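Below is one structure; the comments refer to it alone.
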Amino acid sequence: MAERNAIEPTRAQNYPEWYQQVIRSADLAELSPVRGCMVIKPWGYGIWENMQRNLDEMFKATGHRNAYFPLFIPLSFIQKEAEHVEGFAKECAVVTHHRLQAAADGRLVPAGELEEPLVVRPTSETIIGAMYAKWVQSYRDLPLLLNQWANIVRWEMRTRIFLRTTEFLWQEGHTAHAGEAEAREETARMLRVYADFAEQYMAMPVIPGRKTDAERFPGAVETYSIEAMMQDGKALQAGTSHFLGQNFARASGIKFLDQDGAEKYAWTTSWGVSTRLIGGLIMTHGDDNGLMLPPRLAPTHVVILPVIHKDDTRARVLEYCGALAAELRRTPYDGRPLSVEIDDRDLRGGEKTWSWIKKGVPVRLEIGPRDIAAGVVSMTRRDLDARERRAVPRAEIAGGIAGILDEIQANLLQRARDFRAAHTREINTRDEFYDFFKGSQDKLAGFVMAHWAGDPAVEQKLREELAVTVRCIPLAGPEEPGACPFTGAASPRRVVFARAY
RNA sequence: CGGGGCGUAGCGCAGUCUGGUAGCGCGACAGCUUUGGGAGCUGUAAGUCGUGGGUUCAAAUCCCACCGCCCCGACCA
């Protein structure tokens, strides 16, 4: 039988279209009637819930607590920090009225104009800062370590589902500290949390690093990010952690009386990841048959597919499957009970199987009369070829499943690491650099590790000529003095260059 | 906001130039035959042709206005 891919076009044929088709085929989300806004469907939201739960535990383990702040921010608040307003003004949605009334022609029109317009939060530094200013009076009130899970709105010009939508879901941590060193430690700590989450849960290797001035968060002193490589070689900024210095504390008046009796401004940080991570998951692990989920984030770990041909075996097969499901659901995996689904929809076997392949469920168990008779279960894994079916003794399933899921998790991370390694090059000359990136934007290039002496003119030029930017200045790895391939200026270390989402 | 394109069934499109009363593919639904790699046959349902106005015996088609969407550029988790 001829090979057929579940997703058309393939990644190699048209990567952006492939991405859309995976989302559609896996039933993750779809665009809504509202411009640039998506509806996240149960399978996609299930992934987000798992991301939330695990991140939330990590935040709590590092001393943070959750709170919730308003969706609306008075326009004047946004203006308090000069760089901040400049960075976000263009993408703010603004509420100017509070009431609708019927006009002469019967159409509803906004009636009550607000005295002060409200901005729909594009990020919450300013509104949270206003509250922190009230809450922080003494050094005893610090540190203040809060996080919120929220939706935010950024009126982007061009949107892409999960990667850049007008409204998206995220978490934003906001902390205030008495001293600079402590705030810097917090910034670094949360970047490490993100890197751990990306690698250990998403199986997505990342490079933690510092952003250049050109890519810094508006109003921050330093921005750090984790950068991941997608399968088209482009970089995805997957999470950011900002050291805000005293900029926002000054703007919002977060002051405290220190132990020495002096009044001081607090030092603040903020950090966030969003539903963009789901886009990263798709583009890190998906293949030409659809989504491939790392077990630790899969809404369903195991799907049981009863093979029913005739009515006389139906009851027996379903009962057998039900008993296996019950046993598996008592089996722990990653600190929680295994999530198991029985798919008894009245569909043809192939159609049913492929729907789960496209959804990326880690393990499929097919059970029919033949298996029952032989005392086995036919197991297939999403990370292996769809034809690679293994007969596993029924008695060994529950005991072995956690190990298999761990193996899949490890396998996905290793593959992603290998892919990144295969598409990362150290480059030392201008010509080599241009050759690497030259050509179509869609060309699979990858990451270049090259020297850069911090000259913004070089960044600007590469951005214009190749659409390539410095993704980050890696925190790890060796200091290796060298020279910028473009200017010859001395550089202390290599940085990551790539095209980016 | 500037340049280009497009609005016809759930989705993808033809029909518009040359006005004549709405069509194809996929999907959906139903029945039968199938069934351990995503099926076949038969049948059914589904559209105020983006909105408003104009021309005409007659408008998806021509004219005007408006609305919306997509692509390219600036912006971006």
Side-chain angles (χ1 to χ4, degrees), chain A residues 1-8 16-17 20-21 24-25 30-36 86-92 105 107 121-123 150-160 162-172 194 211 214-218 223 225-228 235-242 270-280 289-290 305-311 313-314 317 345-358 364-372 374 376-380 385-389 391 441 463-464 467 469 500-501:
Chain A
M1 179 169 288
E3 278 292 323
R4 178 181 154 195
N5 297 310
I7 304 297
E8 298 282 348
E17 184 58 25
Q20 305 271 95
Q21 290 305 324
R24 188 193 179 96
S25 302
E30 63 188 61
L31 286 174
S32 73
V34 186
R35 194 200 88 111
E86 196 187 327
F88 282 106
K90 277 176 290 186
E91 42 189 88
C92 282
D105 62 1
R107 278 202 278 190
R121 63 180 163 219
T123 179
N151 60 335
I152 64 176
V153 166
R154 294 184 187 174
W155 214 264
E156 301 290 355
M157 289 302 146
R158 200 170 312 145
T159 59
R160 255 193 114 188
F162 284 126
L163 297 175
R164 187 175 305 110
T165 46
T166 302
E167 180 192 18
F168 58 96
L169 305 183
W170 80 344
Q171 59 67 218
E172 47 182 326
Y194 288 154
K211 285 295 198 181
E215 304 266 329
R216 222 178 41 215
F217 176 77
T223 287
S225 72
I226 51 171
E227 301 284 330
L236 183 76
Q237 180 174 306
T240 49
S241 185
H242 312 292
S270 69
W271 27 275
V273 297
S274 72
T275 37
R276 167 178 261 203
L277 290 178
I278 298 173
N289 285 328
L305 302 162
V307 180
I308 302 161
H309 304 287
K310 304 177 191 117
D311 286 343
T313 55
R314 161 181 288 270
V317 171
R345 288 177 298 170
D346 184 20
L347 288 178
R348 280 180 46 96
E351 191 177 353
K352 198 187 278 192
T353 300
W354 281 93
S355 74
W356 291 106
I357 293 175
K358 288 183 277 197
R364 305 187 298 280
L365 301 177
E366 288 182 33
I367 301 174
R370 288 205 308 250
D371 304 290
I372 296 175
V376 300
V377 168
S378 294
M379 177 185 290
T380 42
D385 192 288
R387 282 166 300 198
E388 205 171 315
R389 184 180 280 117
Q441 286 260 358
R463 186 186 195 115
E464 283 165 13
T469 48
Y501 275 96

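All values below were derived from every heavy atom in this structure, side-chain atoms included, with hydrogens, water molecules and symmetry-related copies excluded. Quick caveat, the model's predicted, so the values are computed rather than measured. In what follows, every chain begins at residue 1, and chains take the letters A, B, ... in the order their sequences are listed.
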Just the table, please: protein N/O against nucleotides 43-46 of chain B N/O, every pair under 3.5 Å.
none

Would you tabulate the nitrogen or oxygen pairs shorter than 3.5 Å linking the protein to nucleotides 27-35 of chain B?
unit_1: B:U34; atom_1: O2; unit_2: A:Arg348; atom_2: NH1; d: 3.2
unit_1: B:U35; atom_1: O2'; unit_2: A:His309; atom_2: ND1; d: 3.3

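Ion pair A:Glu17/A:Arg24 not flagged as a salt bridge, since none of the NZ, NE, NH1 or NH2 atoms sits closer than 4.0 Å to an Asp/Glu carboxylate oxygen.
Of all the heavy atoms in A:Val273 and A:Gly239, the pair that sits closest is CG1-CA, 3.8 Å. Closest of all the heavy-atom pairs between A:Phe217 and A:Thr223 is N-OG1, 2.9 Å.
Nucleic acid contact class of A:Lys352 (heavy atoms, under 4.0 Å, all strands): none. Contacts of A:Leu163 with the nucleic acid, taken as non-hydrogen atoms under 4.0 Å apart, include base atoms. Using a 4.0 Å heavy-atom criterion, one finds that A:Glu91 contacts the sugar-phosphate atoms exclusively. Here A:Thr165 lies in heavy-atom contact (under 4.0 Å) with a base. Across all strands shown, A:Gly272 has no heavy atoms under 4.0 Å from either base or sugar-phosphate atoms. Within the nucleic acid shown, A:Gln237 comes within 4.0 Å of sugar-phosphate atoms alone, with no base atom in reach, counting heavy atoms only. Within the nucleic acid shown, A:Ala6 comes within 4.0 Å of at least one base atom, counting heavy atoms only.
Taking every side-chain heavy atom of A:Arg154 into account, B:A77 is the closest of B:A77, B:G36, B:G38. Side-chain proximity of A:Arg24 to B:C11, B:A77, B:C75: nearest is B:C11. Side-chain proximity of A:Ser378 to B:G38, B:C75, B:G36: nearest is B:G36.
The shortest distance between side-chain heavy atoms of A:Trp354 and A:Asn289 falls below 4.5 Å.
Residues passing the side-chain contact (heavy atoms from CB on, under 4.5 Å) test with A:Ala391, sequence neighbours excluded: A:Val376. Residues meeting the salt bridge (Lys or Arg N to Asp or Glu O under 4.0 Å) test with A:Glu86, sequence neighbours left out: none. The salt bridge (Lys or Arg N to Asp or Glu O under 4.0 Å) check on A:Glu366 picks up A:Arg389, with sequence neighbours excluded. Partners of A:Arg463 by side-chain contact (heavy atoms from CB on, under 4.5 Å), not counting sequence neighbours, listed by chain and number: A:Glu215, A:Thr469.
As the counterpart of B:U35, no nucleotide is assigned, since no Watson-Crick or G-U wobble pattern has both distances under 3.5 Å. When both distances must be under 3.5 Å, the Watson-Crick or G-U wobble mate of B:G20 is B:C57. Across all strands shown, B:C75 has no partner, as no Watson-Crick or G-U wobble contact with both distances under 3.5 Å is found. The partner of B:G43, taking Watson-Crick or G-U wobble pairs whose two distances both stay under 3.5 Å, is B:C29. Base pairing analysis places B:C66 opposite B:G50; the two distances defining the Watson-Crick or G-U wobble pair are each below 3.5 Å. In a base pair of the Watson-Crick type (N1 to N3 plus N6-O4 or O6-N4) or a G-U wobble (N1-O2 and O6-N3), with each distance short of 3.5 Å, B:A14 is matched with no nucleotide.
Rounded to a whole angstrom, the distance from the P atom of B:C62 to that of B:G5 is 16 Å. Nucleotides B:G19 and B:A45, compared at atom C1', are 30 Å apart to the nearest Å. Comparing the P positions of B:G40 and B:U8 gives an interatomic distance of 28 Å, to the nearest angstrom. Comparing the P positions of B:A60 and B:U42 gives an interatomic distance of 33 Å, to the nearest angstrom. Remark: the separation of the P atoms in B:G20 and B:A58 is 14 Å, to the nearest Å. Between the P atoms of B:U56 and B:G15, the separation comes to 28 Å (whole Å). Distance check on atom C1': B:A9 versus B:U44 gives 14 Å, rounded to whole Å. For the C1' atoms, the distance from B:G54 to B:U61 is 15 Å, rounded to whole Å.
Taking atom NE2 on A:His242 and atom C1' on B:A77, their separation rounds to 8 Å, with Å as the unit. Atom CZ of A:Arg389 is separated from atom P of B:G38 by 11 Å (rounded to the nearest Å). For the pair A:Gln21 CD and B:C26 C1', the computed distance is 13 Å after rounding to whole Å.
Interatomic distance, A:Ile308 CD1 to A:Asp346 CG, rounded to the nearest 0.5 Å: 8.5 Å. Considering OG of A:Ser274 and CG of A:Asn151, their distance stands at 12.5 Å, rounded to 0.5 Å. Here the CH2-NE2 distance, from A:Trp271 to A:His242, works out to 11.5 Å after rounding to the nearest 0.5 Å.
Stacking between A:Phe168 and the base of B:A77 is present: ring centres sit under 5.5 Å apart and the planes differ by under 30 degrees.
Taking the nucleotide of RNA chain B with the nearest heavy atom to each of A:Gly239 and A:Trp354, the more 5' of the two is matched to A:Trp354. Nearer the 5' end of RNA chain B, as judged by each residue's closest nucleotide, is the contact made by A:Pro369, out of A:Arg463 and A:Pro369.
With hydrogens and angles disregarded, no donor-acceptor distance shorter than 3.5 Å links the side chain of A:Arg276 to the backbone of A:Phe162.
For a distance-only test at 3.5 Å, the side chain of A:Thr353 fails to qualify as a donor-acceptor partner of the base of B:G38.
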